[in-house]
Structure formats: C-alpha cells, structure tokens
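In what follows, every chain begins at residue 1, and chains take the letters A, B, ... in the order their sequences are listed.
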Number of protein chains: 2
Amino acid sequence: MENLKKRSECPISSSLDIWGDKWSLLIVRDLMFAKQCTYGDFLKSDEKIATNILASRLLMLEENGVITKQDHPDSKAKVLYKLTQKGIDLLPLMIEINLWADKYFCLPTERREILEEVKKDKEAFIRAKAVELLEQMGN
Amino acid sequence: MENLKKRSECPISSSLDIWGDKWSLLIVRDLMFAKQCTYGDFLKSDEKIATNILASRLLMLEENGVITKQDHPDSKAKVLYKLTQKGIDLLPLMIEINLWADKYFCLPTERREILEEVKKDKEAFIRAKAVELLEQMGN
DNA sequence: CTTTGTGCTTGCAAAACGCAAGCGAATTTA
DNA sequence: TAAATTCGCTTGCGTTTTGCAAGCACAAAG
C-alpha cells in the first residue's frame with residue numbers, strides 16, 4: 001500500500017519517514033508498556049486515535065518491520081500486535097523522549113516514579129526492559 | 001498563533017504535540033549540526049522543505065521554546081535561528097534516532113564515522129556537543 | 001439463530017500540505 | 001541614487017491527509 005519514499009539519505013529524515021507523525025510512536029509506546037495489544041486496546045488509549053488512522057499506522061509500522069501481527073491465543077476474531085526487534089530497539093529513543101518531557105512538562109506521578117528509576121541507571125533499565133519485551137516476542 | 005493543545009498528559013504524546021511531524025526535528029538537526037542557521041539555510045537542506053511549512057514550524061518551535069530568533073551580526077535583512085537549552089536537550093534523543101537508523105538503514109559514510117565516535121562513549125560525545133552548542137547560544 | 005465483540009473499511013467535511021508566485025524591507029550593484 | 005537582487009516570509013490554490021461517524025464482515029457468545 002503506502003511504500004516508503006525517502007526524502008533524503010539523512011538518518012533522521014529516514015526515521016521520520018517511518019514514524020515521524022503524531023500517532024506512530026504512541027502505538028509503539030503502548031506496545032512497550034503493555035507488551036502486546038489488540039486493535040481495541042490501542043483505541044482505548046487516552047489520545048483517542050481514529051480507527052482509520054490506527055489501521056493505516058499499524059500497516060505502515062508492520063510494512064516497515066517495527067511491529068508484527070499474531071493470532072490471538074483466545075480467539076480468532078482478535079489480533080495481537082507486538083514489537084519486533086526493530087521496534088524494541090526504539091526503546092532508548094522512547095526513554096530519551098520521556099526524560100526530555102520530564103524536564104519540561106508536568107508528568108503524571110506514576111510516570112515520574114518510573115523515570116526516577118530510569119535516572120538511577122539508564123543502561124540497566126533499558127537492558128532489563130528490552131529483555132522483558134524480547135521474552136514476549138516469541139509467545 | 002497556533003498554540004499547543006495537549007492530547008493527553010502522556011510525556012510521549014506531549015512531546016509529539018510539539019515536534020511530532022515530518023519536519024520539526026529536521027530543523028533541530030540542522031541547528032545541531034550547523035549550530036545556527038538562517039531561513040535560507042534551512043531551505044538549502046536536502047529534504048527541500050516548502051517555505052510556508054518552514055515558517056510555520058519555526059514559529060511553532062519558537063513558541064514552544066525550542067529555538068530562538070536573533071539578529072544576524074552581518075545584516076539586518078537576515079535572521080539567525082538558534083537552539084535554546086530546551087532545544088539542546090533534544091540532543092540525546094537525536095543521537096538515539098541516529099543510532100537506531102544506523103542499525104536499520106544504509107547511512108552516508110560521513111555520518112557513520114561520526115556515529116562510530118558516538119558509540120565509543122555516548123555520554124562523553126553528548127556532553128561535548130552540548131557544551132559546543134551552549135557556547136554558541138550566547139553569541 | 002440472534003446478538004455482541006472485534007478489526008477493520010468507507011464517505012465526507014475540515015485541516016494540513018506542497019508548490020508557485022508575490023511582496024516589503026534591506027542590501028548590493030550599476 | 002536608481003535599479004536589481006537578496007532575504008524572510010505570506011498568499012492562493014489544488015492535492016493529500018486527518019478526524020469523525022457510520023457501516024460491514026467475521027467470530028464468538030447467548
């Protein structure tokens with residue numbers, strides 16, 4: 001469907017070509033926090049993404065190898081979305097966004113608490129979280 | 001003009017509300033690499049941003065305290081754009097985007113070389129670069 | 001066999017984008 | 001000093017993307 005046309009060879013630009021919009025990283029965020037989500041789960045998020053936008057972004061992310069679809073163990077009607085390795089590798093980026101936001105916005109308390117842990121040892125946090133997500137990948 | 005309406009309290013979402021589009025981070029990138037740019041400099045970048053889009057993004061980034069306008073020392077007709085502290089603080093994020101892209105795209109050789117240096121000691125690289133940008137802030 | 005849940009698709013109005021042209025002020029050139 | 005050029009935008013306008021609501025096929029539950 002919507003194949004990637006790079007605007008330039010710049011890594012920033014190429015990355016933005018994939019997830020440089022208002023919604024894609026929110027999908028990735030949900031998958032990092034919840035590890036796996038159904039279509040309906042994404043719709044429940046606070047930002048209230050429209051169903052057509054969600055569908056187009058899920059397709060885009062899948063086509064670019066950031067997420068994968070899997071059969072839901074409980075029902076054929078449901079679909080499970082998960083991060084690929086490429087998606088999991090967005091974790092450091094996601095952490096940095098959080099840290100930046102922590103410096104300049106007023107965050108919900110629960111988020112700040114998690115970030116306190118991150119600040120103690122960023123590397124360790126990322127490593128642990130990545131392992132956690134990797135374990136879920138196979139299932 | 002276009003004031004920020006947050007979609008949720010989530011730090012990722014709030015961040016994307018500011019620079020979550022295809023162009024804003026390219027402007028930040030240019031300022032990080034070149035330290036300061038004129039309006040015309042941004043237009044020269046490979047991605048060929050349209051003049052109206054550039055103007056709207058510069059305004060957005062300025063209103064949100066990521067960049068500032070300054071008089072150009074050489075001419076009253078020119079304007080210098082620079083990163084604020086808030087903008088400089090996007091450096092770790094920018095580095096992580098580069099590292100992610102380095103893993104999954106084919107980058108120009110010169111960029112890869114810089115990234116090799118980053119990989120040796122990320123913290124040190126960021127610290128040095130931040131100092132460099134800070135020094136330019138005053139001028 | 002009907003109703004509900006789930007993952008989308010479709011239609012349509014509104015907003016954003018992308019391109020080209022234009023424009024006022026500053027600066028350079030003749 | 002008048003004309004041409006540079007610079008930082010703005011304006012118009014056609015195209016694309018978004019956002020909202022409704023609909024729809026399939027699976028599952030009652």
Side-chain angles (χ1 to χ4, degrees), chain A residues 1-8 13 16-27 30-31 34 36-64 66-82, chain B residues 1-8 13 16-27 30-31 34 36-64 66-82:
Chain A
M1 180 197 172
E2 42 191 326
N3 57 342
L4 186 60
K5 40 194 168 242
K6 290 170 92 174
R7 289 173 293 171
S8 78
S13 164
L16 293 174
D17 286 336
I18 295 181
W19 46 257
D21 65 277
K22 295 245 178 295
W23 296 108
S24 296
L25 286 185
L26 296 183
I27 292 174
D30 286 350
L31 289 171
Q36 49 194 37
C37 299
T38 63
Y39 191 88
D41 289 335
F42 292 118
L43 293 177
K44 286 176 205 148
S45 291
D46 286 345
E47 295 85 9
K48 300 294 163 213
I49 187 170
T51 58
N52 54 344
I53 307 293
L54 176 57
S56 76
R57 289 309 177 280
L58 287 171
L59 186 60
M60 177 68 139
L61 290 172
E62 196 192 358
E63 286 180 339
N64 286 286
V66 176
I67 65 175
T68 41
K69 284 169 88 160
Q70 285 184 23
D71 294 338
H72 196 287
D74 299 355
S75 157
K76 250 194 266 186
K78 292 184 182 178
V79 179
L80 266 188
Y81 289 93
K82 295 182 179 183
Chain B
M1 181 197 172
E2 43 192 325
N3 57 341
L4 189 60
K5 37 190 171 246
K6 289 170 93 174
R7 289 171 295 172
S8 78
S13 164
L16 292 175
D17 286 337
I18 295 181
W19 45 258
D21 66 275
K22 295 247 178 291
W23 296 109
S24 297
L25 286 186
L26 296 184
I27 292 173
D30 286 350
L31 289 171
Q36 49 192 38
C37 300
T38 64
Y39 191 88
D41 289 336
F42 292 119
L43 293 178
K44 285 176 205 147
S45 291
D46 285 344
E47 295 83 10
K48 300 295 161 212
I49 187 170
T51 57
N52 55 342
I53 307 292
L54 176 57
S56 77
R57 288 310 176 284
L58 288 171
L59 186 60
M60 177 67 140
L61 290 172
E62 196 190 358
E63 286 179 340
N64 285 287
V66 176
I67 66 175
T68 41
K69 283 168 89 162
Q70 285 185 22
D71 294 339
H72 195 288
D74 299 354
S75 155
K76 251 193 265 185
K78 292 186 184 180
V79 179
L80 266 189
Y81 289 93
K82 294 183 180 183

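Legend: residues meeting side-chain hydrogen bond (donor to acceptor under 3.5 Å, both in side chains) with B/Asn52, ordered by chain and number and at least two apart, are absent. Listed by chain and residue number, B/Ser45 satisfy the side-chain hydrogen bond (donor to acceptor under 3.5 Å, both in side chains) test with B/Asp30 (two or more places apart in sequence, or in another chain). For B/Ser75, there are no side-chain hydrogen bond (donor to acceptor under 3.5 Å, both in side chains) partners at least two apart in sequence or on another chain.
B/Tyr39 places no side-chain N or O within donor-acceptor distance of the main-chain N or O of B/Leu80, the cut-off being under 3.5 Å.
Among the heavy atoms of the strands, none lies under 4.0 Å from B/Lys22. A/Lys69 comes within 4.0 angstrom of sugar-phosphate atoms only, judged by non-hydrogen atoms across all strands, and of no base.
Residue whose closest nucleotide on DNA chain D sits further toward the 5' end, between B/Gly40 and A/Ile49: B/Gly40. Nearest-nucleotide positions on DNA chain D place B/Asn52 closer to the 5' end than the other of A/Lys48 and B/Asn52.
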>> Test side-chain contact (heavy atoms from CB on, under 4.5 Å) on A/Tyr81 and A/Asp41; report intermediate values, then the result.
In response: CA-CA 10 Å; A/Tyr81 289 93; A/Asp41 289 335; over 6 Å; no
> What do the steps show when you test A/Ile49 against A/Leu43 for side-chain contact (heavy atoms from CB on, under 4.5 Å), and what is the final call?
Replying inline: CA-CA 6 Å; A/Ile49 187 170; A/Leu43 293 177; 4.1 Å; yes
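Protein chain B contacts DNA chain D from D/dC7 to D/dG12, reading 5' to 3' and using non-hydrogen atoms of the protein with a distance under 4.0 Å. First and last contacting nucleotides of DNA chain C toward chain B (any atom under 4.0 angstrom from a heavy atom, 5' to 3' order): C/dC17 to C/dT27.
Between B/Asp17 and B/Lys5 no salt bridge is recorded (no basic side-chain N to carboxylate O distance below 4.0 Å). Ion pairing of A/Lys78 with A/Asp71 is absent here, as no side-chain N (NZ or NE/NH1/NH2) approaches a carboxylate O to less than 4.0 Å.
Shown for residues 72-81 of chain A: residues whose heavy atoms fall under 4.0 angstrom of DNA chain C, namely A/Ala77, A/Lys78, A/Val79, A/Tyr81.
A cation-pi arrangement is absent between A/Arg57 and A/Trp19 under the rule of less than 6.0 angstrom and at most 45 degrees off the ring axis.
At least one side-chain heavy atom of B/Leu16 sits under 4.5 Å from a side-chain heavy atom of A/Leu26.
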